[in-house]
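A quick write-up on the structure given underneath.
Note that ligands are numbered from 1 as they come in the structure, with each ligand's atoms numbered from 1 the same way.
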Amino acid sequence: TRRTAAELGREFVLQVTGRVIERESKNPKLPTGEIEIAADALVILNRSDVPPFTIEEESDGGDDLRMKYRYLDLRRPPLQRALILRHRMAHAVRTFLDGEGFLEIETPYLIKSTPEGARDFVVPSRMNPNQFYALPQSPQTLKQLLMVAGYDKYFQIVRCFRDEDLRADRQPEFTQIDCEMSFVEQEDVLEVFERWAKHMFREVLDIDFAEPFRRMPWIEAMEKYGSDKPDLRFGMEFHDVTGRVKGHGFGVFDDAEYVCGFAAAGCAGYTRKQIDALTEFVKRPQVGAKGLIWIRVEADAVKSSVDKFYTPDEVRAVAEACGAAAGDMVFLMSGPKFRTLTQLCALRLEVAQQLGLRDPKRFAPLWVVDFPMFEWDDETQRFYAMHHPFTSPKPEDVPYLESDPGRVRANAYDFVCNGTEIGGGSIRIHDPKLQAAIFSCLGFTPEKAQEQFGFLMNAFKYGAPPHGGLAFGFDRLCSLFGGSESIRDYIAFPKNNAGRDVMLDAPSAIDPAQLDELYLDLHTTAK
Ligand code: ASP
């Protein structure tokens with residue numbers, strides 16, 4: 001035994017027979033630091049090469065290396081905890097929805113391409129030459145067909161595929177908790193899924209939300225926080241001061257459509273250097289602002305970067321309109337309305353981050369409601385569905401569908417927590433005529449609509465019930481509950497930022513014979 005023990009190395013797999021005894025020199029830092037085994041027999045079941053990085057709570061391996069050896073990284077306690085959390089959450093989802101009478105029904109992965117905003121992944125069909133399946137961006141139309149089919153409460157924990165450029169918290173394949181119900185209105189959906197969310201917080205994190213979640217119209221979220229997914233863990237609401245600041249000879253404000261600002265509580269002490277750094281921050285291309293105006297508010301004095309144009313009383317009045325009190329710093333930005341709001345949002349989050357207000361252990365959930373139906377795109381000069389083309393407009397706004405599509409609001413809602421969109425959905429259209437009208441608003445000719453969505457429009461001819469639902473991003477929900485920025489930690493085998501699985505080395509070239517079978521030719525150079 002002693003001789004075998006001398007051979008042991010890191011990550012060896014052992015079989016030990018012996019007696020568990022109390023350790024003489026206890027090590028409280030180890031999980032098993034109070035005991036040891038007095039071994040009678042020791043068998044090495046398998047040896048291990050020296051692993052490429054340390055497999056401990058904190059690893060010394062870089063990202064790429066750990067992705068390549070994901071199966072070793074997964075041995076580390078933080079990742080084990082993450083996947084255990086994911087399992088428990090999936091279990092809690094199923095328990096709750098089963099208790100509410102939802103059926104888990106699987107839908108296919110090889111489907112027809114139906115645009116939902118992102119690009120489809122496509123799969124060539126060998127049996128149907130020159131034709132392609134698409135992988136679902138979500139089971140949206142299929143779950144609606146299940147409603148037509150009479151399965152009035154559906155859910156599925158389901159993989160979705162979107163061929164998008166990846167951002168930090170995106171993966172080309174990700175998991176949704178996808179749900180749909182018949183004979184419901186918005187209120188019914190929010191009621192069930194607010195109880196579901198509270199159930200999740202209680203079961204998984206032992207956190208009770210006694211109060212109803214806040215409901216915030218989209219326009220309020222935009223005007224107060226500059227985002228349709230406001231982080232409500234802290235205040236710093238925006239205030240529109242356009243009327244107050246114009247007409248004082250300060251050209252930047254005089255020429256601007258919109259001027260708004262917020263008060264950073266207790267930040268009057270910010271140094272010139274700190275303000276300069278924040279100015280640099282908003283000027284970065286990711287934020288894209290031209291500059292930043294500040295007002296330092298003290299009990300007996302105000303100082304600002306626009307003192308030349310305003311009297312101290314005027315400056316103080318602007319600061320107070322932004323909700324500032326003595327000891328605060330006000331930041332103002334100007335420009336086209338929504339662009340300015342979005343830029344100010346980036347600043348608000350940055351300031352909050354610096355002040356330590358984005359505590360991952362605190363949760364501020366809310367519903368954002370009353371989204372606009374359409375979003376105008378300057379580049380292509382047309383309207384796009386803000387949620388997706390199956391979302392119903394608010395009945396009172398239907399008269400404006402043709403005359404003023406921009407003002408039509410949708411029966412759509414998002415579940416938001418800590419500045420992240422965790423889920424979203426809508427009440428759907430179930431009337432084929434209205435659905436045709438919406439397709440037409442979105443620039444589909446009747447022929448194109450029929451070609452792409454004929455299966456759904458036809459189904460609606462056979463007594464489709466009113467229905468609606470939503471889907472939650474399961475990976476994101478896990479990372480929110482786990483207190484981590486990255487959804488990757490909660491996915492056993494994720495892709496990297498270039499959409500590659502570096503462990504499997506995928507995507508990769510395929511055999512010419514395979515290509516032949518699929519009737520595919522390759523461009524010799526990638527475009
Ligand atoms: N299918 C939608 C999505 O993936 C969610 C829904 O409307 O239920 O965002």
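Just one residue in the list V369, V416, D228, L232 forms a side chain to side chain contact (heavy atoms under 4.5 Å, CB included) with M216, and that residue is L232.
In this structure, the ring of F193 has its center no less than 6.0 angstrom from the ring center of F415. Between F439 and F453, the distance separating the two ring centers is shorter than 6.0 angstrom. Two rings, from F102 and Y154, have their centers 6.0 Å or more apart. Ring to ring, F161 and Y109 are close: their centroids are under 6.0 angstrom apart.
Of the heavy atoms in Q144, none comes closer than 4.0 Å to ligand 1.
The shortest N or O to N or O distance between S426 and ligand 1 is not below 3.5 Å. Between Q140 and ligand 1, at least one pair of N/O atoms sits closer than 3.5 Å. On a distance-only criterion, Q137 and ligand 1 share no N/O pair closer than 3.5 Å. The N/O atoms of D178, backbone and side chain alike, include none that comes under 3.5 Å of an N/O atom in ligand 1.
Per-residue contacts place S138 under 4.0 angstrom from the following atoms of ligand 1 (heavy atoms of the residue considered): 1 (N), 4 (O). Near Q176, meaning under 4.0 Å from any of its heavy atoms, are these atoms of ligand 1: 3 (C), 4 (O). Those atoms of ligand 1 with a heavy atom of K143 less than 4.0 angstrom away are 6 (C), 8 (O). Per-residue contacts place A471 under 4.0 angstrom from the following atoms of ligand 1 (heavy atoms of the residue considered): 5 (C), 8 (O). Every atom of ligand 1 is numbered from 1 in the order shown, and the set under 4.0 Å from a heavy atom of G425 is 6 (C), 7 (O).
With sequence neighbours excluded, no residue satisfies ring pair (Phe, Tyr, Trp, His ring centres under 6.0 Å) with Y400. Applying the ring pair (Phe, Tyr, Trp, His ring centres under 6.0 Å) test to F383 and every residue at least two apart in sequence or in another chain returns F374, W376.
Heavy-atom separations between R162 and ligand 1 include at least one value shorter than 4.0 Å.
For the pair E237 and R348, the salt-bridge criterion is not met [side-chain N within less than 4.0 Å of a carboxylate O].
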